[in-house]
Structure formats: C-alpha cells, structure tokens
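In what follows, a single structure is set out as structure tokens and then discussed.
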Amino acid sequence: MEILKVENLYKSFVGTEDVVTGVSFQINEGEVVALIGPSGSGKSTLLRCLTLLETIDQGSIFVAGEPMVTTSPAGVVTYAPDTALRKIRLRIGMVFQNFNLFPHFSVLRNITEAPIRVAGMAPAEAEALAHQLLAKIGLTDKADAYPYQLSGGQCQRVAIARALAMKPDILFFDEPTSALDPELTGEVLKVIRNLAAEQMTMMVVTHEMAFAREVADRVIFMDKGQIVEEGTPETLFGTPTNARTRTFLGNYNLNSGS
Amino acid sequence: MLIIEYIAPLMKQVILLGTGALTTLRIFFLTLLFSLPLGLLIALARMSPRKWLSAPVKLFILIMRGTPLILQLIFFYFAPAAILPEGLRFTLPRFSAAVLAFSLNYAAYFAEIYRGGIESIPQGQYEAAAVLGFTKSQTFFRIILPQVIKRILPPVSNEVITLVKDSALITVLGISELFRVARNEANRLFSTTPLFIAGLFYLFMNWIVTKVFDAAEKKLSYYR
C-alpha cells in the first residue's frame with residue numbers, strides 16, 4: 001500500500017537555488033527511501049513541502065490516499081481543509097538536522113507533550129509510551145534530563161522518539177546526522193536502522209552514502225530540483241546509468257576518501 | 001535622653017515618608033499589572049504582517065519612547081480637558097492619569113523587549129511544533145513564551161528598577177508620593193535629610209525588586 005504519493009511537485013523561492021521542479025514519486029508502506037544529491041539540489045525543500053512546512057507552487061501530494069494538496073488541470077493549487085490537514089499532519093513525522101528539541105521541557109515531556117496536547121492521549125498512557133520509546137533508543141536513564149545535558153547524538157535520538165510518539169505512518173529525516181561528529185553519527189544511524197528493521201516507513205535525506213546503501217530499499221538521486229535517477233541501492237550505487245549520478249557518487253567517494 | 005530626642009523626629013519622618021512610599025508602590029504595582037500584558041499585545045501587533053495593524057503600533061511606540069515621560073504625565077492629565085471637542089471633555093483623577101501614562105509608556109518599552117525575545121527564538125522551535133501538530137496558540141503559549149520569559153528577565157528587571165525611580169515623576173501632578181513628601185519635609189525642616197531618607201526608601205524597594213528577579217532567574221535556570 002502506498003503511504004506517500006507525490007505528483008509533479010514544483011516549489012521555488014525568490015533568491016535561493018534550492019528549488020523543486022517537477023518531482024513525482026511514491027513510497028510504499030514499510031519502505032525506506034534514501035534521498036541523496038548535492039547541496040542545493042532541492043532535497044530539503046522537497047521534504048519541507050511534504051511536511052507542510054512550505055506550501056507548494058504546483059503539484060499534488062497524497063498521504064495514505066488522502067489528498068494533502070492537489071492541483072487542478074487549470075493549475076489551481078488546493079490544500080485540504082484545516083480539519084483534514086490536521087489529521088494528515090498526525091500521519092507524518094519529521095526529524096530535523098538540528099534536533100529542535102524544546103529546551104525548557106525534560107526529555108520525557110519533549111516526548112509526551114504532543115501526544116497529550118495534540119493527540120489527546122491520557123498523560124499516564126503517554127508517559128508509559130515515552131518510557132517504551134526511551135528504552136528503544138537506549139536512553140532510559142535520561143527521562144528527567146534536559147536537552148542541554150545531552151550530547152548531540154542523544155538529542156537526535158530523543159527527537160526521533162518524540163516523532164515516533166505521535167505514531168506517524170511515515171517519518172521524514174532531514175540530514176539527521178549532519179550536525180553530529182562521526183562518533184555520534186553511529187548511534188543515531190543505529191536507531192534508524194532498528195526502525196527500518198521494524199518496517200517503519202521512512203524517507204531519509206542523507207549524505208551518509210554507506211548508510212543509504214545499507215538501510216534503504218530504494219535510493220532517489222536529486223539534482224537541480226529534479227529526480228535524476230532512482231533505484232535499489234545496488235543499481236544506483238553499483239551501476240548508475242545517469243552521468244550526473246556517476247559524477248556525484250564519484251565526487252563523494254573521492255571526498256570521503258573511501 | 002539625647003538619643004531619644006534625636007531618634008523620635010527621625011522616626012516621625014520615616015513614618016511620614018512611608019505613607020508616601022505606599023502611594024509610590026500603588027503606582028508601581030498598577031503600572032506593572034497593566035503594562036506587562038499590554039506590552040505583549042503591542043509586541044504581537046508590532047510584529048504582525050498586517051500593515052494596518054503594525055504601522056500605527058510602530059508610531060505609538062515611537063511616541064511613547066521618543067517623548068519625555070514627564071510630558072506624557074502632563075498630557076494625560078490636562079489634554080482630555082483641553083483638546084477634546086466641547087461636550088466630550090473630561091479630566092481624569094490625578095492618580096488615574098498617572099497610572100495611564102505610566103502603563104502606556106512602560107508597555108511600549110516592554111513591547112520592544114518582548115519583541116526582541118520572541119524574535120530570538122530559533123525558527124526550528126516553530127517548525128518542530130508545527131510538525132508535531134501543535135496549534136498556533138499552543139505553540140506560542142507552551143513552547144515559545146516560556147523560553148521568551150527566561151531570555152527577557154534581565155532587560156525586564158532593568159525596566160522595573162527604572163519604574164521604581166521613575167515613579168518620582170508623578171510629583172508633577174501633585175500626587176503625594178515618596179519624593180513629593182520628602183521634598184515637602186525638606187522644605188519645611190530646611191534640611192536635606194528627608195531627601196536622603198527617601199533615597200534609602202528607593203534603594204530598599206529596588207533591593208527587593210532585584211531579589212525577586214534573582215529568584216525568578218534562578219527558578220528558570222533549570223534549562224539552557
């Protein structure tokens with residue numbers, strides 16, 4: 001079953017290169033998709049459109065079959081009404097590059113606040129869920145800590161738990177390890193890897209090629225706002241057909257020294 | 001015997017000044033009561049993308065910060081009777097005019113402090129809240145405002161300390177607050193002692209203000 005369907009999505013801003021020009025793809029339930037490409041290729045903008053942080057210029061987005069936004073043949077963009085959008089929001093989670101934890105809340109409250117206030121979960125139930133999630137990310141002993149007391153890797157794991165607490169159908173990651181040093185990257189990737197093993201549907205914007213190759217079911221390569229090539233990690237990393245993909249992966253291998 | 005002769009009139013003065021200080025405190029608390037929430041509304045209006053809302057508020061802030069408070073006191077007391085059309089003229093009681101002028105003036109300053117605080121909160125906080133499904137008002141009151149309050153405590157404490165001292169300006173409306181009482185006593189006794197005692201009163205009040213803000217900062221120091 002498809003969780004996400006994107007058709008012919010366009011988004012541009014005044015004064016920035018990071019645009020999306022006609023992107024279509026879909027993600028099925030349980031699939032892990034890695035989105036790779038050079039900086040300014042539109043990956044982050046695409047993710048921000050899919051998570052309703054930006055409004056699109058053209059195109060359609062469906063989440064679990066429900067229209068989030070559609071464009072008529074005449075080119076009129078229509079977002080779903082607020083009540084429907086609120087429901088769709090609950091289906092999608094997002095993990096940011098800079099974690100964006102709430103500094104004034106404890107780790108536990110960072111995780112429970114949205115389930116209680118937004119999803120209407122009973123506080124006791126939300127706390128039980130939060131403790132489960134903390135066990136999952138290996139931070140059981142940090143429930144009462146505040147974000148400033150955590151390392152970057154721990155913060156990002158909490159941010160993942162916070163997103164998971166809303167039980168999303170699909171979880172988006174925007175370069176989840178780019179703000180971390182290599183030492184801390186591993187612990188975050190491990191959490192994502194475990195989620196993949198549990199069939200969590202995910203779309204990960206990443207520069208970690210080895211990780212993309214290992215965890216993703218499918219890899220999408222974007223450049224200049226368009227999807228240049230997509231396929232299984234084996235084909236995309238092993239035998240890329242497009243010249244731009246080859247150049248990008250070639251540069252990457254040189255830069256990362258592997 | 002001699003000591004009592006010296007102490008007794010001093011005590012009398014302190015008690016007299018104390019009654020003046022009560023008026024000062026009334027002005028102080030009423031001003032905070034009105035200006036702190038009003039400042040937040042003004043800040044939000046000032047940051048509104050709607051020009052019809054932000055433009056007049058900007059002008060208001062300019063006027064309130066750009067003219068002397070003592071002039072504003074005089075204005076709110078005398079202007080309604082002087083410039084309004086016949087039939088609509090009125091005069092506020094002195095004390096109310098003073099509270100009005102102080103509240104509007106301090107609200108303008110607080111508004112700019114709030115604005116600075118609100119704008120210093122990273123965009124990522126709003127985005128994280130939006131993605132989790134918080135409404136705009138939940139985001140503001142539960143996520144943004146608590147962080148703003150922590151950040152603006154030092155500049156707010158500055159303003160509050162200034163307010164204690166600025167309260168002396170209402171003497172211009174003939175209200176018997178601390179400074180006026182002290183000056184009257186000084187004139188009557190032909191001595192500067194009452195003025196210096198008044199100084200100690202101001203100092204004491206601001207010592208308490210400082211303590212309160214220290215405690216508040218400490219209470220909010222559980223996170224960074």
Side-chain angles (χ1 to χ4, degrees), chain A residues 44 47-48 50-55 82 85-107 109-121 144-150 155 158-159 161-168 170-174 179, chain B residues 36-37 39-40 43-44 47-51 110 113-157 212-224:
Chain A
S44 289
L47 224 56
R48 294 173 60 82
L50 301 179
T51 51
L52 287 159
L53 290 174
E54 302 286 351
T55 52
D82 280 351
L85 270 190
R86 218 169 295 141
K87 277 185 196 152
I88 290 171
R89 255 186 214 285
L90 294 179
R91 293 172 170 275
I92 56 186
M94 169 84 153
V95 174
F96 298 88
Q97 184 176 343
N98 297 316
F99 334 131
N100 295 337
L101 291 180
F102 305 129
H104 58 310
F105 290 162
S106 66
V107 164
R109 190 152 171 217
N110 260 284
I111 301 172
T112 59
E113 188 75 0
I116 294 171
R117 305 280 169 203
V118 178
M121 197 182 278
D144 298 322
Y146 282 85
Y148 81 92
Q149 296 166 316
L150 305 179
C155 280
V158 172
R162 177 175 73 174
L164 288 173
M166 293 300 281
K167 300 178 175 154
I170 180 168
L171 192 48
F172 295 96
F173 293 80
D174 189 9
Chain B
L36 283 171
L40 185 57
L44 294 176
M47 289 186 291
S48 168
R50 286 172 277 253
K51 250 202 135 128
F110 285 139
I113 293 175
Y114 287 131
R115 184 169 70 91
I118 291 169
E119 288 179 349
S120 77
I121 303 297
Q123 196 58 31
Q125 293 288 304
Y126 292 92
E127 293 184 351
V131 166
L132 287 167
F134 289 108
T135 62
K136 275 193 172 160
S137 86
Q138 282 175 328
T139 302
F140 185 72
F141 287 107
R142 296 191 173 274
I143 309 232
I144 305 301
L145 194 59
Q147 298 182 55
V148 168
I149 289 172
K150 180 185 168 85
R151 290 184 187 204
I152 66 173
L153 272 183
V156 167
S157 82
V212 168
F213 274 93
D214 281 352
E217 275 187 46
K218 207 167 168 197
K219 195 163 190 308
L220 291 180
S221 67
Y222 69 89
Y223 74 91
R224 272 176 228 156

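Protein chains get the first letters and strands the later ones, always in sequence-line order, with residue 1 at the start of each. Note that the coordinates shown come from a computational prediction; the quantities given were computed from them, not determined experimentally.
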Worksheet item: Can you tell which of R89(A), Q149(A), H104(A), M94(A) has the highest number of heavy-atom pairs within less than 4.5 Å of chain B?
Response: H104(A)

Worksheet, complete the sentence: Whatever's closer than 4.5 Å to a heavy atom in chain B on R162(A) counts as both

Worksheet item: So how far is it from E113(A) CD to Q138(B) CD, rounded to the nearest 0.5 Å?
Response: 8.0 Å

Item to complete: Describe, in one word, how the ring planes of F134(B) and F102(A) are oriented to each other, choosing from parallel (under 30°), tilted (30 to 60°) and perpendicular (over 60°).
Response: perpendicular

Discussion item. Less than 4.5 Å to any heavy atom of chain A: does that hold for the side chain of Q125(B), its backbone, both, or neither?
Written reply: both

Practice prompt. Please round to the nearest 0.5 Å and tell me the distance separating atom CG of D82(A) and atom OG1 of T135(B).
Written response: 11.5 Å

Fill in: chain B contact via L85(A) - which portion, at a heavy-atom distance below 4.5 Å
neither

Fill in: Side-chain heavy atoms of R142(B) within contact of R117(A), under 4.5 Å
yes

Fill in: Proximal component of Y222(B), with respect to chain A [non-hydrogen, under 4.5 Å]
both

Fill in: Part of F99(A) within contact of chain B (heavy atom distance under 4.5 Å)
neither

Fill in: Spacing of CG belonging to L132(B) relative to CD1 belonging to I111(A), to within rounding of 0.5 Å
11.0 Å

Worksheet item: For L53(A), is it the side chain, the backbone, both, or neither that has a heavy atom closer than 4.5 Å to a heavy atom of chain B?
Response: side chain

Worksheet entry | Close side-chain approach of V131(B) to F96(A), heavy-atom, < 4.5 Å | yes

Fill in: Between CG on residue N98(A) and CD on residue E127(B), distance to nearest 0.5 Å
10.0 Å

Response to the item:
Whatever's closer than 4.5 Å to a heavy atom in chain B on R91(A) counts as neither

